[in-house]
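Since this is a predicted model, take the numbers as computed values, not measurements.
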Amino acid sequence: MRPIHIIPAILLIGMALIICTANGQTYNKEVVLLSDMTDAEGLQPEMDIIREHFHFKKDPWSGIRFTYLAITDLRLNREQRVTLPKKNVWFSNQLDRNREVKEFLTEFDRISAEQRTAPKGRGYSSVYLPLAKQLNALANTKVDERILIVYSDLMEHGDISFYDPKTFTTLKDDPTRIISLFQRQQMLSDLKGVTVYLVYRPLELKQDHQFSVTSKLYKQMLEKRGAKVIIQAGLNFTQ
């Protein structure tokens, strides 16, 4: 190729890369955290583990969207979101990207500090509807990795109350009936490609039994819709 043709060729390649980037994904990874504020003694979200999972040291150019939502006695709660769109290493400035990553992590740390100091303990808890809403949103997101992390004992206490002995017996013996009631409240989308971490650390035997039953229900319900469900006593992304 003659030298005079090299520059146009490079420009054409550059334009093609820019177009591909513009038409491609804005984010590589989406992480949603639900933290149950109804249990005064509930496990505190392990924000340092989530922060490390962003892997900015390995790949500072990847795009991340993080959303935090509290589980309370209300069905609707304020979402807090911080975003960092992905950038092309060939068409971006390293110093600018370092600044953008720093700003993202600063906002993430602010959300972390705010949720740590928020008052906990409620008389009721709406777990399924906030969870279903976030899952349906993730189902419609086109990213490489979609994660929902739920810190909760999953003990619904609203229109459906798992604290009611008859309901809890149904939950153990015929969970499909409870799943049907949940689906009437909010139908779940196809969750293929979504990974759900159910994280809870019981403090005594009764809590351990309750979580065993509730987590089994959610695992059955979500896996039927195509999600991968991981139940843990402490968050661990390597499992």
**OP:** Evaluate the ring planes of His53 and Phe237, with Trp represented by its six-membered ring, and classify them as parallel (under 30°), tilted (30 to 60°) or perpendicular (over 60°).
**Re:**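 The arrangement is parallel - the two ring planes meet at less than 30°.
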**OP:** Could you tell me how the ring of Phe108 sits relative to the ring of Phe104: parallel (under 30°), tilted (30 to 60°) or perpendicular (over 60°)?
**Re:**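 Aromatic pair Phe108/Phe104 classed parallel.
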Hey, any chance [X] and [Y] share a hydrophobic cluster, counting ILVMFWY side chains that come within less than 4.5 Å of each other, even indirectly?
X	Y	answer
Leu34	Ile160	yes
Met221	Val229	yes
Val127	Val194	yes
Val150	Tyr200	yes
Leu135	Tyr218	yes

Looking at [Y], is its backbone amide N or carbonyl O close enough to the side chain of [X] to form a donor-acceptor pair, meaning the two atoms are under 3.5 Å apart?
X	Y	answer
Gln80	Tyr68	no
Arg201	Ala233	yes
Ser125	Met155	yes
Ser62	Asp59	yes
Thr117	Glu114	yes
Asn140	Asn136	yes
Thr214	Asp153	yes
Ser152	Leu154	yes

Side chains of [X] and [Y]: does their closest heavy-atom pair fall under 4.5 Å?
X	Y	result
Met37	Ser35	yes
Ser180	Arg184	yes
Ile231	Phe211	yes
Leu69	Val32	no
Thr67	Leu33	no
Phe66	Glu107	no
Leu84	Arg97	yes
Gln220	Ile179	yes

To the nearest 0.5 Å, what is the distance between [atom1] ([X]) and [atom2] ([Y])?
X	Y	atom1	atom2	value
Thr169	Asp164	OG1	CG	8.5 Å
Thr38	Lys120	OG1	NZ	8.5 Å
Asp173	Ile178	CG	CD1	10.5 Å
Leu198	Leu217	CG	CG	10.5 Å
Asn28	Phe54	CG	CZ	12.5 Å
Arg99	Asn93	CZ	CG	9.0 Å

Crowded around [X] [atom1]? As in, over 12 foreign heavy atoms under 6.0 Å?
X	atom1	result
Tyr163	OH	yes
Glu41	CD	no
Arg81	CZ	yes
Glu52	CD	no
Lys133	NZ	no

Distance alone, cut at 3.5 Å: any donor-acceptor contact between the side chains of [X] and [Y]?
X	Y	result
Tyr151	Glu46	yes
Gln183	Tyr128	yes
Thr83	Arg65	no

Subject >> Arg51 and Leu105: CA distance, side-chain angles, deciding distance, side chain to side chain contact (heavy atoms under 4.5 Å, CB included) verdict >> reply: CA-CA 8 Å; Arg51 195 182 199 271; Leu105 293 175; 3.4 Å; yes
Where do [X] and [Y] come nearest, in terms of heavy atoms and distance?
X	Y	value
Asn88	Ser92	O-OG, 2.8 Å
Ala70	Asn77	O-ND2, 3.4 Å
Ser112	Met47	OG-CE, 3.1 Å
Ala227	Val196	CB-CG2, 4.3 Å
Ile149	Val31	CD1-CG1, 3.9 Å
Ser126	Glu156	CA-OE2, 3.8 Å

Is any side-chain N of the basic residue among [X] and [Y] closer than 4.0 Å to the acidic one's carboxylate O?
X	Y	answer
Glu100	Lys87	yes
Glu204	Lys206	no
Glu30	Arg146	no
Glu223	Lys216	no

**OP:** Check the pair Gln115, Gln44 against side chain to side chain contact (heavy atoms under 4.5 Å, CB included), reporting the backbone distance first and the verdict last.
**Re:** CA-CA 9 Å; Gln115 68 86 25; Gln44 194 73 249; 3.1 Å; yes
Original post:
Could you walk me through whether Tyr27 and Thr141 pass the side chain to side chain contact (heavy atoms under 4.5 Å, CB included) check?
Top reply: CA-CA 9 Å; Tyr27 306 100; Thr141 302; over 6 Å; no
Subject >> Leu188 and Phe182: CA distance, side-chain angles, deciding distance, side chain to side chain contact (heavy atoms under 4.5 Å, CB included) verdict >> reply: CA-CA 9 Å; Leu188 289 171; Phe182 275 157; over 6 Å; no
